[in-house]
There are 2 protein chains.
Amino acid sequence: MSPDDGMSHMRNRRADVVDHALGVLDRHGLPDLSMRRIAAELGVQPSALYHHFASKQLLLAALADEILRRGTHTQPDPDAPWDERVRGGCHALRDAILAYRDAAELVATVHAFGLGAHEPHRRLCDDLVDAGFEPSFARDAATTLLHFVLGHATDEQLHLQANSVGAIDDAPLVPADSGRGASFDLGLSLIVDGIRLRHPSASAAAS
Amino acid sequence: MSPDDGMSHMRNRRADVVDHALGVLDRHGLPDLSMRRIAAELGVQPSALYHHFASKQLLLAALADEILRRGTHTQPDPDAPWDERVRGGCHALRDAILAYRDAAELVATVHAFGLGAHEPHRRLCDDLVDAGFEPSFARDAATTLLHFVLGHATDEQLHLQANSVGAIDDAPLVPADSGRGASFDLGLSLIVDGIRLRHPSASAAAS
DNA sequence: ACCTGAACACCGTTCAAGT
DNA sequence: ACCTGAACACCGTTCAAGT
């Protein structure tokens with residue numbers, strides 16, 4: 001798809017490194033995502049990567065941004081009510097993260113280091129401000145939503161890994177595909193309902 | 001305080017290792033908490049640690065459990081209403097975590113690996129079940145609360161570290177000690193209010 | 001602009017052997 | 001019961017030098 005694809009076979013550009021690193025992540029998981037392994041599978045010396053990224057942390061930040069970019073490029077319906085937009089944004093973020101192995105831990109780490117992955121927070125914030133909430137409240141509410149989405153996705157991907165390693169399959173009392181999604185929806189509803197109580201148009205507020 | 005304290009000067013027991021490792025964590029941070037460094041500061045070979053812990057992950061799990069144990073040994077008032085008990089439990093958990101450098105990331109990691117640190121979830125769960133909620137709902141609600149507390153504490157400790165490293169001091173538009181606490185209380189209230197809407201005694205429920 | 005080759009200062013873990 | 005000594009198979013990062 002890119003202009004000079006297939007012509008250069010030795011030299012890589014930044015985007016090539018990101019793309020290959022994402023493959024390594026999805027095939028081998030975050031613990032095996034080392035600079036040396038990315039370089040080896042890319043047919044290059046480890047030191048070559050430092051031409052494109054000043055550190056491993058910055059490479060991880062680029063991976064997180066790319067994962068989120070690939071999964072959240074669809075614009076939500078601007079005519080939908082704010083709570084539907086917020087719920088949709090959280091679901092899109094979750095889906096983007098679940099599309100890559102160990103992406104939840106990766107995004108959480110990058111987010112914790114403050115290097116990137118701010119786009120989801122900004123979008124949730126904007127939706128809440130557009131809905132009439134105070135900006136400072138919108139920031140805190142968006143942060144709470146993000147903590148929930150990242151935490152839930154992290155738990156989910158860990159259990160996937162634990163089961164694939166060969167441990168007992170947890171508690172499959174539930175069809176296994178509807179179970180996790182239901183608990184995600186429930187937690188999300190708790191927070192969205194709490195936000196709704198603070199809406200300027202809310203009739204009554206709790207302590 | 002312990003029976004043979006001060007008598008043995010070469011051989012360590014499990015609790016000694018945990019105690020010393022907590023010191024290393026608090027003085028040097030999680031990135032520098034290596035088996036080799038713990039061993040060195042303890043005056044012992046790295047391999048000696050494997051007599052007490054089968055792996056680094058299990059040592060980290062013991063550290064997390066100890067941090068939580070030290071910070072949450074006070075029983076909440078059993079006569080208080082459920083929401084006060086839940087809020088108190090979340091605050092105690094947060095205080096326990098903020099007492100040690102990088103403890104949020106440590107506890108989150110251990111929790112993600114499923115090796116320990118289940119006590120806080122169990123307590124929140126019990127409080128909610130005692131309050132009359134369905135056990136399955138109580139589990140999901142407790143999980144949502146835990147994700148929030150851990151996520152918020154992780155953000156907070158990262159910003160502490162970022163500021164101590166020498167970066168610009170973020171956004172000190174607020175007295176800096178009341179600011180973070182207020183955003184924690186707000187996020188916590190969002191979730192608790194969402195839970196309250198699901199209480200059996202609630203008059204009306206949202207979608 | 002992108003890469004090599006070699007080095008530096010580390011890791012977690014295992015294992016035979018000691019006391 | 002607890003530790004040593006030595007090894008194995010790795011890390012991230014730097015830097016002069018090449019093309």
Side-chain angles (χ1 to χ4, degrees), chain A residues 2-21 24-25 27-64 102 105-106 109-110 112-113 115 161 165, chain B residues 2-21 24-25 27-64 102 105-106 109-110 112-113 115 161 165:
Chain A
S2 53
D4 52 348
D5 206 10
M7 285 307 168
S8 65
H9 59 327
M10 301 292 283
R11 292 159 110 87
N12 305 278
R13 288 148 311 139
R14 214 185 118 102
D16 297 322
V17 176
V18 167
D19 209 70
H20 206 95
V24 175
L25 173 68
R27 285 194 306 274
H28 304 285
L30 192 56
D32 288 344
L33 187 69
S34 67
M35 297 297 269
R36 298 181 106 102
R37 179 166 323 215
I38 295 169
E41 301 210 4
L42 211 117
V44 111
Q45 294 287 335
S47 49
L49 298 178
Y50 289 86
H51 182 79
H52 303 282
F53 299 95
S55 70
K56 183 183 183 182
Q57 277 183 27
L58 288 171
L59 194 161
L60 294 183
L63 293 189
D102 291 350
E105 207 182 329
L106 171 64
T109 298
V110 166
F113 271 87
L115 295 175
Q161 163 189 356
V165 160
Chain B
S2 53
D4 53 347
D5 205 10
M7 286 306 167
S8 65
H9 58 329
M10 300 292 283
R11 291 159 111 87
N12 304 279
R13 287 149 310 140
R14 215 186 116 102
D16 298 322
V17 176
V18 168
D19 210 70
H20 207 95
V24 174
L25 174 67
R27 286 193 305 275
H28 304 285
L30 191 57
D32 288 344
L33 187 69
S34 68
M35 298 296 270
R36 298 181 106 101
R37 187 190 283 240
I38 295 168
E41 301 209 3
L42 211 118
V44 110
Q45 294 287 334
S47 50
L49 298 178
Y50 289 85
H51 182 78
H52 303 283
F53 299 95
S55 68
K56 183 184 183 181
Q57 277 183 27
L58 288 171
L59 194 161
L60 294 183
L63 294 189
D102 290 349
E105 207 183 328
L106 170 65
T109 298
V110 167
F113 272 88
L115 295 175
Q161 163 188 357
V165 160

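What's counted below: heavy atoms across the whole structure, side chains too, no hydrogens, waters or symmetry copies. Just so we're on the same page: letters track the sequence lines, and every chain starts at 1.
Across the P atoms, D:dA9 and C:dA9 are found 23 Å apart, a figure rounded to whole Å. Between C:dA16 and D:dC3, the two C1' atoms lie 13 Å apart (nearest whole Å).
Atom P of nucleotide C:dC2 and atom CZ of A:Arg14 are separated by 11 Å, given to the nearest angstrom. Rounded to an integer number of Å, the gap from B:Asp16 CG to D:dA1 C1' is 13 Å.
Here the CG atom belonging to A:Asp19 is positioned 10.0 Å from the CG atom belonging to A:Leu63, to the nearest 0.5 angstrom. Taking CG of B:Leu58 as the start and CG of B:Leu49 as the end, the distance is 13.0 Å to the nearest 0.5 Å. In this structure, the separation between CG on A:Leu115 and CG on A:Leu60 is 9.0 Å, given to the nearest 0.5 Å. Residue B:His28 holds its NE2 atom at 12.5 Å from CG of B:Asp102, rounded to the nearest 0.5 Å.
When the side chain to side chain contact (heavy atoms under 4.5 Å, CB included) test is applied to B:Ala112, the partners found at least two apart in sequence or on another chain are A:Thr154. Under the side chain to side chain contact (heavy atoms under 4.5 Å, CB included) criterion, A:Ala48 pairs with A:Val44, not counting sequence neighbours. Applying the side chain to side chain contact (heavy atoms under 4.5 Å, CB included) rule to A:Tyr50 yields the partners A:Met35; only residues at least two apart in sequence or on another chain are considered. Take B:Asp32 and apply the side-chain hydrogen bond (donor to acceptor under 3.5 Å, both in side chains) test, not counting sequence neighbours, and it matches no residue. Residues satisfying the salt bridge (charged side-chain N to carboxylate O under 4.0 Å, His left out) criterion with A:Arg36, sequence neighbours excluded, are absent altogether.
Of the side-chain N and O atoms in A:Gln45, one or more sit less than 4.0 angstrom from OP1 or OP2 of C:dG5. Put simply, B:His52 has no side-chain N or O that comes within less than 4.0 Å of OP1 or OP2 on D:dA1.
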Please assess B:Leu30 against B:Leu33 for the test side-chain contact (heavy atoms from CB on, under 4.5 Å), listing each intermediate value before the final yes or no. CA-CA 5 Å; B:Leu30 191 57; B:Leu33 187 69; 4.1 Å; yes
Can you name the atoms? Protein N/O to nucleotides 17-19 of chain C N/O, anything below 3.5 Å, with the distance.
none

Considering only nitrogen or oxygen atoms on both sides, find all protein atoms under 3.5 Å from nucleotides 10-14 of chain D and state each distance.
{"from": "D:dC11", "atom 1": "OP1", "to": "A:Ser34", "atom 2": "OG", "distance (Å)": "3.0"}
{"from": "D:dG12", "atom 1": "OP1", "to": "A:Met35", "atom 2": "N", "distance (Å)": "3.2"}
{"from": "D:dG12", "atom 1": "OP1", "to": "A:Lys56", "atom 2": "NZ", "distance (Å)": "2.9"}
{"from": "D:dG12", "atom 1": "OP2", "to": "A:Met35", "atom 2": "N", "distance (Å)": "3.0"}
{"from": "D:dG12", "atom 1": "OP2", "to": "A:Arg36", "atom 2": "N", "distance (Å)": "3.4"}
{"from": "D:dG12", "atom 1": "N7", "to": "A:Arg36", "atom 2": "NH1", "distance (Å)": "2.6"}
{"from": "D:dG12", "atom 1": "O6", "to": "A:Arg36", "atom 2": "NH1", "distance (Å)": "2.9"}
{"from": "D:dT13", "atom 1": "OP2", "to": "A:Tyr50", "atom 2": "OH", "distance (Å)": "2.7"}
{"from": "D:dT13", "atom 1": "OP2", "to": "A:Lys56", "atom 2": "N", "distance (Å)": "2.8"}
{"from": "D:dT13", "atom 1": "O5'", "to": "A:Tyr50", "atom 2": "OH", "distance (Å)": "3.3"}

Secondary structure of DNA chain D per the Watson-Crick/G-U criterion (both distances under 3.5 Å; [ ] crossing, | other strand, . unpaired) is ||.|||||...|||||.||
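Sequence neighbours left out, the pairs with a member in residues 40-58 of chain B that pass salt bridge (charged side-chain N to carboxylate O under 4.0 Å, His left out) are B:Arg27-B:Glu41, B:Arg37-B:Glu41.
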